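This report refers to the structure that appears directly beneath it.
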There are 2 protein chains.
Amino acid sequence: MFKPITIKDIAQALELSPSTVSRALSDSYEINEETKKRVIEYAEKHNYRRNPMASSLRQGRSYSIGVVVCEVANSFFSHAIDGIESVAYGKGYHVIISQSHDAYEREVVNIQHLANRAVDGLLISMSAETKDFSHIINLHAQGLPIVFFDRVIDAFETHTVTANNQKGAMVATESLIDRGFKKIAHLANAPHLSITAERLKGYEDALKQHGIPLDESLIRYCHHGGRIQREVEEAIQYFLNLPEKPDAVFVASDRLSMGCLSAYNKLAPRDEHPAVAGFSNSDVLDLLQADFTCIRQPAFKMGQVAMEMLIQLIESRYPVYDFQNIVLETELIHR
Amino acid sequence: MFKPITIKDIAQALELSPSTVSRALSDSYEINEETKKRVIEYAEKHNYRRNPMASSLRQGRSYSIGVVVCEVANSFFSHAIDGIESVAYGKGYHVIISQSHDAYEREVVNIQHLANRAVDGLLISMSAETKDFSHIINLHAQGLPIVFFDRVIDAFETHTVTANNQKGAMVATESLIDRGFKKIAHLANAPHLSITAERLKGYEDALKQHGIPLDESLIRYCHHGGRIQREVEEAIQYFLNLPEKPDAVFVASDRLSMGCLSAYNKLAPRDEHPAVAGFSNSDVLDLLQADFTCIRQPAFKMGQVAMEMLIQLIESRYPVYDFQNIVLETELIHR
DNA sequence: CTGAAAGCGCTAACAT
DNA sequence: ATGTTAGCGCTTTCAG
């Protein structure tokens, strides 16, 4: 079967000891340049690759990190992953992506799978459905480095990177107010997500600042983060059934924006569609929906920062107690 | 640091030998039910997880497979990945995703990284830019099981799954002919991709069948698969500059459809936009672009089939010589 | 500068 | 039904 060449084979062929070969391959200073060259040449010629399993087992390090996001088919997360990879590759780390699909069970399984020594650290953006954090708390307590990005939890102290959700939400809502809309609804994400509370706060701030009374009945949550289109449609139908329909909607996320527009298309004639503004990193959405004002998160940057902080935790020789909670600014895209 | 409990720890605590514990944990028939229970209980209580590195090193198997796609932020590939995962998890395999971004170098690096024992097999959809297949041929020659899906190569014999691209392209083109369009352009993908030739063939078939002469000047290739928006815009600008502009375009892929619509939005007033039909698995595109006729590939199914075939290769006790090239039918979505 | 030897955690012959 | 032992491929003291 698939039987790659090992360090022993090289040693034998070159009449050296395995340890010398190992050292030569990792460019150790205590190896003769001549020997190094011989070894490296032979290795390349026979395209030797070090067995990462053996190497990790021995070193207690895998040089790979795990990323847990709800889904990759999402512009925000895919750009964040690009950012993560850009830093990781530069520092010699490999990235393993896994999707929770916003489901609690999948998240638990995936994290468990990644955790046990298969990765040196974890980059997590929480699933929408997760309310119980014990699977993560346990790993953290055991010493596994973890950095949260975008959707964070405060069950314990660690590095985090988020967007300035509150301000972004405020700016988005204000853009609707500025355009003259009075009755602005809010289609929110799952209630226990960090981003949900922050964006709600921004929405409330904007209303308050412009003297518009907060109307709780204009806020609808999507407990599955919009993964189930029905829940979005129910929310939209609810808005449509209100005695006074909202004339604008501030939508909390990319996926919800998609679902929201789709639901309105399905449930109401075009002239009854409200104006929509919201968080989105999709190029498609703003491409095809001319009047969609969106708040862009610096996804790539967030990925980069998160990865850098994780590497810092992993490579730190001493326990880290000084944690950073970095907040990056969002950008308003107007049409 | 992160020091998980091992099989030895359990053995010591329970006054058993490591092998007994190992066997108990893998539910071996030769272990006393009583002992099994004790071991499993203890393991769960102290949340033991087997170290996958050690296990893989010993067994010469990693129970994980690598997937190489151009990008995950693409409805077709993300659904294919869902299909792959659905089969993989059921059979106890872990899936490692990696993106080539349609770049040759990234593809080579990623495949090398996955290959050496880190995975038991590879599921590959070729990058648009790749013309030299030696990195894959080598691995295959060394015995690594490889299955191609969607974008295949014929450098060697192995299992493949593809959509019926030729027929899909024909149906899409015909739908444009049926709507009365006469001058139908084709925005094609990178020339060396398998899907490009097949879809071009279908386009030609449709024209021929309806007595429309083939006009080479109506065909433009995108060598980077649309990753570079400029190349799409150049193609569209070329169409717009033709003395007789095409009144319809058949587009070869999801990403190109996006780029094509976007380019027309940018370069021409709405009433000069041609009708567009093409391959796409995007929910957004057909949601927001009312007159977009699309050909859907059975992405999820393709993922499932590919994974099943890969597992068959991996688990086969003897070299496999009887390879299957499965072709799945596409579906036309009309509006 | 190079080699010998031990061991990372796990599993599978080979005992018993 | 359980224990003993060896070894997967690599790195890393320790010893020359």
Side-chain angles (χ1 to χ4, degrees), chain A residues 1-40 42-43 46-64 92 115-120 142-143, chain B residues 1-40 42-43 46-64 92 115-120 142 317:
Chain A
M1 292 280 92
F2 186 49
K3 187 84 188 121
I5 172 178
T6 76
I7 241 173
K8 268 190 197 164
D9 300 329
I10 301 182
Q12 209 153 23
L14 265 44
E15 299 191 299
L16 290 166
S17 76
S19 34
T20 305
V21 175
S22 172
R23 278 187 277 239
L25 289 171
S26 40
D27 200 28
S28 163
Y29 67 97
E30 41 181 7
I31 297 290
N32 190 331
E33 285 302 323
E34 183 54 35
T35 319
K36 261 188 210 171
K37 205 156 68 182
R38 276 174 65 219
V39 170
I40 289 169
Y42 187 92
H46 295 73
N47 63 92
Y48 165 82
R49 318 260 142 215
R50 60 147 65 62
N51 180 330
M53 310 280 176
S55 175
S56 307
L57 182 60
R58 180 60 232 254
Q59 302 193 95
R61 303 258 329 250
S62 67
Y63 284 98
S64 69
N116 196 249
R117 282 282 186 187
V119 294
D120 295 340
Q142 285 173 66
Chain B
M1 293 281 88
F2 187 50
K3 187 86 189 116
I5 173 177
T6 75
I7 242 173
K8 267 190 196 164
D9 300 329
I10 301 181
Q12 207 153 24
L14 266 43
E15 301 190 297
L16 290 165
S17 78
S19 40
T20 306
V21 174
S22 172
R23 279 185 278 238
L25 288 171
S26 40
D27 200 29
S28 161
Y29 66 96
E30 42 181 6
I31 298 292
N32 190 330
E33 285 303 322
E34 183 54 36
T35 319
K36 260 188 211 173
K37 205 156 66 184
R38 277 174 64 218
V39 170
I40 289 168
Y42 187 93
H46 296 73
N47 63 91
Y48 164 84
R49 318 263 141 213
R50 63 146 66 62
N51 180 329
M53 309 280 174
S55 178
S56 308
L57 182 59
R58 181 60 233 254
Q59 301 192 98
R61 303 259 328 252
S62 67
Y63 284 98
S64 69
N116 195 249
R117 281 286 185 188
V119 294
D120 295 340
Q142 285 173 65
R317 317 191 128 268

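Throughout, a chain's letter reflects where its sequence line sits, starting with A, and its residues are numbered from 1. Fair warning: this is a prediction, and the values are worked out from it, not measured in the lab.
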So, is Y48(B) near the phosphate of dC10(C), with a side-chain N or O under 4.0 Å from OP1 or OP2?
->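 Looking at the OP1 and OP2 atoms of dC10(C), one of them is under 4.0 Å from a side-chain N or O of Y48(B).
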
Would one find a side-chain N or O of T20(A) under 4.0 angstrom from OP1 or OP2 of dG3(C)?
-> yes

Nearest-nucleotide wise, let me know which of S17(B) and S19(A) is further upstream toward the 5' end of DNA chain D.
->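 Mapping each residue to its closest nucleotide by heavy atoms, the 5'-most match is S17(B).
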
Whole-Å distance between [N] [atom2] and [X] [atom1]?
| X | N | atom1 | atom2 | result |
| --- | --- | --- | --- | --- |
| Q59(A) | dC8(D) | CD | P | 19 Å |
| R50(B) | dC10(C) | CZ | C1' | 9 Å |
| K8(A) | dG3(C) | NZ | P | 16 Å |
| L57(B) | dG7(C) | CG | P | 17 Å |
| R23(B) | dA15(C) | CZ | P | 14 Å |
| M53(B) | dC8(D) | CE | C1' | 14 Å |
| I7(A) | dC8(D) | CD1 | P | 14 Å |
| I5(B) | dC8(C) | CD1 | P | 16 Å |

Nucleotide of dT12(D), dG9(C), dG3(D) approaching A54(B) most closely (side-chain heavy atoms) |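 For the A54(B) side chain, the nearest candidate turns out to be dG9(C).
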
Choose from dC10(C), dG9(D), dA12(C) the nucleotide whose nearest atom is closest to any side-chain atom of T6(B).
-> dC10(C)

Decide side-chain contact (heavy atoms from CB on, under 4.5 Å) for Y42(A) and I5(A); before the verdict, give the C-alpha distance in whole Å, the side-chain angles of both, and the deciding distance to 0.1 Å.
-> CA-CA 11 Å; Y42(A) 187 92; I5(A) 172 178; 4.0 Å; yes

Could you tell me which residues satisfy side-chain contact (heavy atoms from CB on, under 4.5 Å) with [X], sequence neighbours excluded, listed by chain and number?
| X | answer |
| --- | --- |
| T20(B) | L16(B), S17(B), I31(B), T35(B) |
| S26(A) | R50(A) |
| K37(A) | E41(A) |

Of residues 28-39 of chain A, the positions that come close to DNA chain D - non-hydrogen atoms, cut-off under 4.0 Å =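 Heavy-atom cutoff 4.0 Å gives no residues at all.
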
Mind listing the closest non-hydrogen atom pair of A11(B) and V21(B) along with its distance?
->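 Closest pair (atom of A11(B), atom of V21(B), distance): CA-CG2, 3.7 Å.
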
Mark yes or no for a side-chain to base donor-acceptor pair under 3.5 Å between R49(A) and dG9(D), with no hydrogen or angle criteria applied.
-> no

Classify the side chain of S22(A) versus the base of dT12(D) as yes if they form a donor-acceptor pair under 3.5 Å and no if they do not.
->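 Flag unset: no donor-acceptor pair detected.
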
Just wondering, do N47(B) and Q142(A) contact through their side chains at under 4.5 Å, heavy atoms?
->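 Counting from C-beta outward, Q142(A) and N47(B) do come under 4.5 Å.
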
Which pairs, with at least one residue in residues 14-31 of chain A and sequence neighbours excluded, count as a salt bridge (Lys or Arg N to Asp or Glu O under 4.0 Å)?
->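 Passing the test, one end in residues 14-31 of chain A: R23(A)-E30(A), D27(A)-K36(A).
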
